[in-house]
Protein chains: 2
Amino acid sequence: MRASEKAYEALREDIIEWRLLPGAVLGEVEQSERLGVSRTPLREALSRLTAEGLTTAAGGRGVVVTDISLADIDELFELRETLECKAAALAARRGDAALFEQLQKELLDAPGLIGAHDPARHDYYGLVGRLDTAIDAAISNSYLAQAMRSLRIHLVRVRRLAADDAERLTAAAGEHAAIAEAIAARNPRLAEAATTLHLHRSLSHLKATHTAH
Amino acid sequence: MRASEKAYEALREDIIEWRLLPGAVLGEVEQSERLGVSRTPLREALSRLTAEGLTTAAGGRGVVVTDISLADIDELFELRETLECKAAALAARRGDAALFEQLQKELLDAPGLIGAHDPARHDYYGLVGRLDTAIDAAISNSYLAQAMRSLRIHLVRVRRLAADDAERLTAAAGEHAAIAEAIAARNPRLAEAATTLHLHRSLSHLKATHTAH
DNA sequence: TTTGCACTCAGTGTATACAGAAACCGCCAA
DNA sequence: TTGGCGGTTTCTGTATACACTGAGTGCAAA
């Protein structure tokens, strides 16, 4: 793997996992020594992070990890609803019904996954990730897919703020199943509605746990 | 101005103005000599361009200018309609009515600008740009605004393909005026409808002139 | 005591040298 | 004639040295 790639992955993980907190200054020399690469590939990594919005250039004094406020989360979900509703509707028109039927079945069995001994919810998030991937492929619109990918980077970071309690995840799995069902049924409006519902519930849960802290 | 910024602007202009055609290979040494900067800032410029989708990394052999097919234009407008309709609706809810009333008036007078001796349509595009900026500001959603900005980079490039005939520009000015009017009237659904109409007409015109070539 | 200026230093921005990898060309063999 | 293999070459990827800018601090003067 290229050194710049390695540095990028490492820094992104550190930011998403909240090991590097908002406001932290990422000096080029400091980080290049920490990650064992030279300044040139590290600069490239910082450029990518800044372009994605995970860091911001603090004129002259390195880059700092961007903060995420409650207002940001609202904005993020506003865009997310716009993009994902459109994506779900398009997937319902263009997607492979059999694939989404299969995903629906697996999602209905997801409560079993959540109950299992998997602290990181690896299986569950993997399944949800497969639904995302399937939708991305079904919409066959690279620009929309790209916009959703760049959005998900921020969402993963926000997700870490919320308590991943089993109750919410079980409900979320059901909502995801409803989305998959609507797409499999080739019903764009229903897919949109199911997505809207899911996102509103996610946001409510997020805000509830966030304000609790 | 920083050398990397200078290189980025120069390359972006060259690509948008179709001086660097799709498929053109941008070698680091070659371009750094042409633009009078060293390879390091040029690499940063190429990274940004690739992140934005104007170029793609051609594994091992530099980066190449990306092509834009008719299918790409369809995808681009699919995303554009999604984002701009949402933006227009939000602007209608949150925007400053007086500002958009003013813009509407100016847009209704735009046919005068188009008739004037201005081969680059500088005044006209400036006015449309002010409407875009006003909407960006009104939505007060940095993520949505960012998504729209990255989209516009590609759109400017596509616009150069279409013949900027006075007839179409005059009609477009009227459509823009309708959008501004709907926002000023604080009517989200109307703003959305006006935007949908405008984008469909733009796309039709684009396709008509494109297939003519 | 406060304000302004200059000096210092840390850190980025740029250039360049070197290493490694991938593609192209030519040659040889089947 | 064509396919494969190896050398050469040119490119990117990385490291590092140097320059310049901007901020912080300390001292002096009002």
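Note that this is a predicted model, so its numbers are computed, not measured.
Contact check on B:E192 versus B:K86 returns no salt bridge, with no Lys/Arg side-chain nitrogen under 4.0 Å from an Asp/Glu carboxylate oxygen. No salt bridge links B:R157 with B:D72; every basic N to acidic carboxylate O contact stays at or beyond 4.0 Å.
Annotation: salt bridge (charged side-chain N to carboxylate O under 4.0 Å, His left out) contacts of B:D136 (sequence neighbours excluded): B:R152. For A:E81, there are no salt bridge (charged side-chain N to carboxylate O under 4.0 Å, His left out) partners at least two apart in sequence or on another chain. Every side-chain hydrogen bond (donor to acceptor under 3.5 Å, both in side chains) that A:E17 has, sequence neighbours left out, goes to A:R160.
Side chains of A:S202 and A:R168: a donor-acceptor N/O pair is present below 3.5 angstrom, by distance only.
In this structure, B:T40 does not reach the C:dG13 phosphate: none of its side-chain N or O atoms is under 4.0 Å from OP1 or OP2.
Here the shortest heavy-atom pairing between B:I139 and B:R94 reads O-NH1, 2.7 Å.
The side-chain tip of A:R121 does not point at the ring of A:Y125 from less than 6.0 angstrom away and within 45° of straight on.
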Contact list (N/O, under 3.5 angstrom) for nucleotides 17-20 of chain C vs protein:
none

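Near DNA chain D, meaning a heavy atom under 4.0 Å away, there are no residues from residues 42-57 of chain A.
In this structure, CD in B:E52 is found 11.0 Å from OG in B:S47, a value given to the nearest 0.5 Å. A distance of 10.0 Å separates CZ of B:R48 from OG1 of A:T50, quoted to the nearest 0.5 Å.
A nucleotide of DNA chain D counts as in contact with chain B when one of its atoms lies under 4.0 Å from a heavy atom; the first and last such, 5' to 3', are D:dT12 to D:dT14.
Distance, B:Y8 OH to C:dG13 P: 17 Å, rounded to whole Å.
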